[in-house]
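Reading through the structure tokens given below for one structure.
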Amino acid sequence: MNERHEILRKARDRMIEDRDVHAKVLAAPFDRDKAERARLKFIEIQSLIDAIDRAMAGERA
């Protein structure tokens, strides 16, 4: 595995950990303010994970 792919994998793993924190807030009893912020951050982080996945696929090609 080349160095760039390894860096992308580590970044992806980190973003998944961050996304999980926001998912826990969304799964908790409803608090409108917290849920709204968590929802926005979850979507933002998921978009980043998707971008990293595309970059990793580009490295494999």
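Note that the numbering runs from 1 along the sequence shown for the chain. What's counted below: heavy atoms across the whole structure, side chains too, no hydrogens, waters or symmetry copies.
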I would like to know whether Arg19 and Ile16 meet side chain to side chain contact (heavy atoms under 4.5 Å, CB included); could you show each step before the answer? CA-CA 5 Å; Arg19 182 193 63 190; Ile16 288 172; 3.7 Å; yes

Report the distance from atom CD1 of Ile43 to atom CD1 of Ile45, rounding to the nearest 0.5 Å. 11.0 Å

SB check Lys24 Asp20 (cutoff 4.0 Å): no

Atom pair CZ/CE of Arg9 and Met56 - distance to nearest 0.5 Å: 7.5 Å

When rounded to the nearest 0.5 Å, the distance separating CD1 of Ile52 from CG of Asp13 is 9.5 Å

Once rounded to the nearest 0.5 Å, what's the spacing between atom CG of Asp53 and atom CD of Gln46? 8.0 Å

Point-to-point distance, once rounded to the nearest 0.5 Å, from CG of Leu8 to CZ of Arg60: 10.0 Å

Is a salt bridge present between Asp50 and Arg54, judged by a nitrogen-to-oxygen distance below 4.0 Å? no

Please walk me through it: do Lys41 and Glu44 pass side chain to side chain contact (heavy atoms under 4.5 Å, CB included)? CA-CA 5 Å; Lys41 289 301 290 182; Glu44 178 184 324; 3.3 Å; yes

State the CD-CD distance between Glu59 and Glu3, to the nearest 0.5 angstrom. 10.5 Å

